[in-house]
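Reviewing the structure listed below.
This structure is a prediction, so every number in the text was calculated from the model and none was measured. No hydrogens, no waters, no symmetry mates; every other heavy atom, side chains included, goes into these values. Naming: A, B, ... by sequence-line order, numbering from 1 per chain.
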Amino acid sequence: MSLDRKIPIEERLNSNAWDVDQRPHIRIIDPEQCRKCDKKPCLFLCPARCYTPGPDGTVLFSHEGCLECGTCRTVCPENNIEWNYPKSGFGVQYRFG
Amino acid sequence: MVYLSYGYQLDIPVHDLIEEFRLHPMVKRLIKGGQLLEYSAHLTPVAGINAAPPKLYGNGYLVVGDAAGFLLHLGIIIRGVDFAMESGRLAAEAVTKAHDLGKYDEESLSIYGKLLEGSFVLRELRTFRNAHKVLIDPRLYNDYVRMINNLLRRYFEVDGTPRKLGSTFLESKGKLTLIDLAKDAIRLVMNL
């Protein structure tokens, strides 16, 4: 993989080892709150781009690429994200610390 | 490193920002020939010992590393790995002692508190307990960097006009006022 160009986030996430739990460990409590939220810091601050703009001002999320940093839960101005670590043994598996 | 409290002011997402940082000529040459092995992210508290839980030990538990607030962000350096290692080592020592006593209640684990008191961890963290309050100011990383760059460029530029340090400085400071400079200097010296 050449490092001389910007590497798309999907490609960067692909370098990680995962064992994804089918049951999401992230939940948006009330999608209506996201529609009303004009800052949507989750879109800018999730390092894995798990949050993307959805139709009609909503926010879509995927838990599969989650790096388990917990930033989204902290920055959500409405406390609208329910976040728990994935079930033991699941999720991202950091091999280098 | 991104301070989340200023996250609202970002104009590009962090996952793009990191790539711009990586491709910056200064950084790029440092990692030349490298390989991408893993992509990770970590969230840490910045308030250091002020953000520590009220108790670092109790019945059946010890708190170490960043969970205990053992982090020190001194401007451009992020320190905490050494505190994590040392607090982990002291925790192990405390557990060994508790094991000898055969109980793991608050009283027998309180040795951890004493070990921490005698270690460099708490000494450092207490000395710099308010450092984050001055270092979180975005002026340090924007306006001052710009000022230093402007000042040096103008001062050393040979363009046929004489450059005196004082007037070049006043030209270079941009929107920073002398009052800002004086206030920030005092705040930095008081807390660092």
Within 6.0 Å of OH in A/Y94, more than 12 heavy atoms from elsewhere: yes
Minimum side-chain heavy-atom gap A/R49-B/D16 below 4.5 Å: no
Euclidean distance, B/H15 NE2 relative to A/F44 CZ, rounded to 0.5 Å: 9.0 Å
Chain B contacts, top residue of A/A17, A/C46, A/P41, A/C69 (heavy-atom pairs, under 4.5 Å): A/C69
Check: A/I7 main-chain N/O paired with B/E19 side-chain donor or acceptor under 3.5 Å: yes
Atom group of A/K39 that falls short of 4.5 Å from chain B, counting heavy atoms: side chain
Chain B contact via A/I9 - which portion, at a heavy-atom distance below 4.5 Å: side chain
Side chain to side chain, A/T71 and B/V14, heavy atoms closer than 4.5 Å: no
Shared hydrophobic cluster, B/L170 / B/L181 (ILVMFWY, side-chain heavy atoms < 4.5 Å): yes
Student check: side-chain heavy atoms of B/L23 and A/R5 closer than 4.5 Å: no
B/K183 NZ: over 12 foreign heavy atoms closer than 6.0 Å: no
CD (B/E93) with more than 12 external heavy atoms under 6.0 Å: yes
More than 12 heavy atoms from other groups under 6.0 Å of NZ on B/K55: yes
Backbone of A/R95 reached by a side-chain donor or acceptor of B/E38 within 3.5 Å: yes
Within 6.0 angstrom of A/R73 CZ, more than 12 heavy atoms from elsewhere: no
B/I12 atom CD1: more than 12 heavy-atom contacts under 6.0 Å: yes
Rounded distance [0.5 Å steps], CG in A/N16 versus CG in B/L37: 10.0 Å
Part of B/I18 lying under 4.5 Å from any heavy atom of chain A: side chain
Polar side-chain atom of B/Y39 near backbone of A/A48 as donor-acceptor pair, under 3.5 Å: no
Per-residue contact mode, A/D4 against chain B (heavy atom under 4.5 angstrom): both
For the student: nearest non-hydrogen atoms of B/P13 and A/L43, plus distance: CB-O, 4.0 Å
Leading residue by heavy atom contact count with chain A [cutoff under 4.5 Å; candidates B/K28, B/R22, B/H42]: B/R22
Within 6.0 angstrom of B/Y6 OH, more than 12 heavy atoms from elsewhere: yes
Same apolar cluster: A/V75 and B/V46, side chain cutoff 4.5 Å: no
CD/A/Q22: more than 12 non-hydrogen atoms of other groups inside 6.0 Å: no
